[in-house]
Amino acid sequence: MSAITEFIKQLPKAELHIHIEGSLEPELMFQLSKKNKIDIPFKSVDDVQAAYQFHNLQDFLNIYYAGASVLITEQDFYDLTWHYLKKCHEDNVLHTEIFYDPQTHTHRGIHFDVAINGIHHALSDAKKILGISSNLIMCFLRHLDEADAFKTLQQAEGHLDKIIAVGLDSSEIGHPPAKFAAVFKKARDMGLLTVAHAGEEGSPAYIWQALDILKVSRIDHGVRAIEDEALMTRLINEQIPLTICPLSNVKLHVFDALAEHNYQKMLNRGIITTINSDDPAYFGGYLNQNYIDIATALNLTKKELVISAKNSFNASFISPQQKKHYCDRVDSSII
Ligand code: ADE
Ligand code: ZN
């Protein structure tokens with residue numbers, strides 16, 4: 001094992017950008033498709049893996065929604081989440097903030113309570129059994145209309161103790177943050193924090209809207225911010241974190257190669273950058289793999305990796321005391 005791989009493996013980390021539906025491995029997809037008698041457009045695990053060649057975000061989303069259709073029962077959501085949490089344990093991820101997309105499931109006739117209860121149950125077990133802390137973020141699908149997001153927020157009302165924030169994901173271009181101004185305002189009034197995918201494929205204008213209109217605490221992806229100097233200054237001055245997903249960005253052709261990724265440039269400009277896996281079952285790896293591959297491609301220093309790990313805790317929605325506790329653990333882990 002290379003020295004940098006060893007360094008990354010023992011570094012305590014938080015993950016802030018992971019779609020739980022994106023952690024559905026082909027093996028579990030097949031198992032659930034058989035159990036629940038749901039047809040999927042693949043004949044074998046190899047067939048699934050061969051289909052994972054994406055030209056852009058939409059290409060990926062089409063396969064991702066088809067895959068998610070095998071999730072039917074609370075136990076299915078529990079098993080999906082538990083599998084991801086075991087990966088966290090292996091990767092020394094001490095805290096995770098998980099996205100899930102209720103509309104992906106309610107639109108297939110799955111009751112709102114099924115997904116959230118299954119996911120929440122696994123997260124509580126992870127705290128007790130693996131010592132992993134977590135928060136859950138409910139995302140609205142931006143290709144649907146705002147009325148549907150309002151309906152989803154209403155369905156969440158009996159579950160507010162399980163959700164820390166609302167987010168915005170799915171097809172970015174043509175669906176600007178401003179489309180969801182009113183539902184995000186309602187969510188904030190209900191005491192929820194806000195985040196949004198912006199500047200993955202979409203222009204920096206979408207990042208401005210996420211900040212000004214949705215009043216987000218952090219930006220998911222945000223890599224296109226580098227095209228707008230005034231926006232960079234704002235992100236730096238207001239210390240707005242970016243949850244960056246290196247392997248995802250290459251798989252979806254946001255960058256041609258990891259060596260061309262702007263992660264290190266962003267970090268060295270003073271942006272609060274974090275490393276994340278996005279949809280690990282589809283993009284080639286969980287959190288450590290993202291750290292290892294971006295560190296190798298950009299020659300990240302140990303110091304830059306430590307900053308990234310501390311940023312991941314400091315950008316999370318835990319208390320200042322918990323942030324300090326985890327950052328102290330980062331310091332004492334350094335070899
Ligand atoms: N849903 C799952 N992964 C996503 C991504 N990378 N961008 C937007 N929506 C998503
Ligand atoms: Zn994402």
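One-based numbering, in listed order, for ligands and for the atoms of each.
- Between Phe60 and Phe283, the ring planes are tilted. Angles from 30° to 60° get that label.
- With a heavy-atom cut-off of 4.0 Å, Glu21 does not touch ligand 1 at all.
- Lys310 contributes no side-chain N or O that, together with a main-chain N or O of Val330, makes up a donor-acceptor pair within less than 3.5 Å.
- Interatomic distance, Phe317 CZ to Asn135 CG, rounded to the nearest 0.5 Å: 8.0 Å.
- Of the protein's non-hydrogen atoms, the one nearest atom 7 (N) of ligand 1 is Glu200 OE1, 2.8 Å.
- Within the 4.5 Å cutoff, the side chain of Trp208 has no heavy atoms near those of the Ile213 side chain.
- The pair Lys9-Glu6 fails the salt-bridge criterion, with no side-chain N (NZ, NE, NH1 or NH2) lying under 4.0 Å from an Asp/Glu carboxylate O.
- For Phe60, every heavy-atom contact with ligand 1 shorter than 4.0 Å involves the side chain, none the backbone.
- At the shortest separation from atom 1 (N) of ligand 1 among protein heavy atoms lies His19 CE1, 3.5 Å.
- For the pair Gly22 and ligand 1, no heavy-atom separation below 4.0 Å is found.
- Judged as a ring pair (Phe, Tyr, Trp, His ring centres under 6.0 Å), and not counting sequence neighbours, the contacts of Tyr52 are Phe54, Tyr282.
- Near His221, with a cut-off below 4.0 Å to any heavy atom, the atoms of ligand 1 are 6 (N).
- Residue-to-ligand polar distances place Asp278 within reach of ligand 1: an N/O pair is separated by less than 3.5 Å.
- Heavy-atom separations between Glu172 and ligand 1 are all 4.0 Å or longer.
- Annotation: protein N, O or S atoms under 2.8 Å of the Zn ion (ligand 2) (waters excluded) comprise His17 NE2, His19 NE2, His197 NE2, Asp278 OD1.
- Under a 4.0 Å heavy-atom criterion, Leu61 is in contact with ligand 1.
- Inclusion of Ser248 in the set of residues having an N or O under 3.5 Å from an N or O of ligand 1 is not warranted.
- In this structure, Tyr65 and His143 have tilted ring planes: the angle between them lies in the 30° to 60° band.
- Ring geometry for Tyr326 versus Phe313: interplanar angle under 30°, hence parallel rather than tilted (30 to 60°).
- Classified by interplanar angle (parallel below 30°, tilted 30° to 60°, perpendicular above 60°), the ring pair His261/Tyr263 is tilted.
- From the protein, the heavy atom lying nearest to atom 3 (N) of ligand 1 is Asp279 OD2, 2.7 Å.
- Of all protein heavy atoms, the one lying nearest to atom 9 (N) of ligand 1 is Ser170 N, 2.8 Å.
- Taking the six-membered ring for Trp and the full ring otherwise, the centers of Phe77 and His121 sit at least 6.0 Å from each other.
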Working for side-chain hydrogen bond (donor to acceptor under 3.5 Å, both in side chains), residues Asp47 and Ser44: CA-CA 5 Å; Asp47 200 21; Ser44 64; 5.0 Å; no
Evaluate side-chain hydrogen bond (donor to acceptor under 3.5 Å, both in side chains) for Gln10 paired with Asn92, printing each intermediate quantity in order. CA-CA 7 Å; Gln10 55 70 49; Asn92 209 13; over 6 Å; no
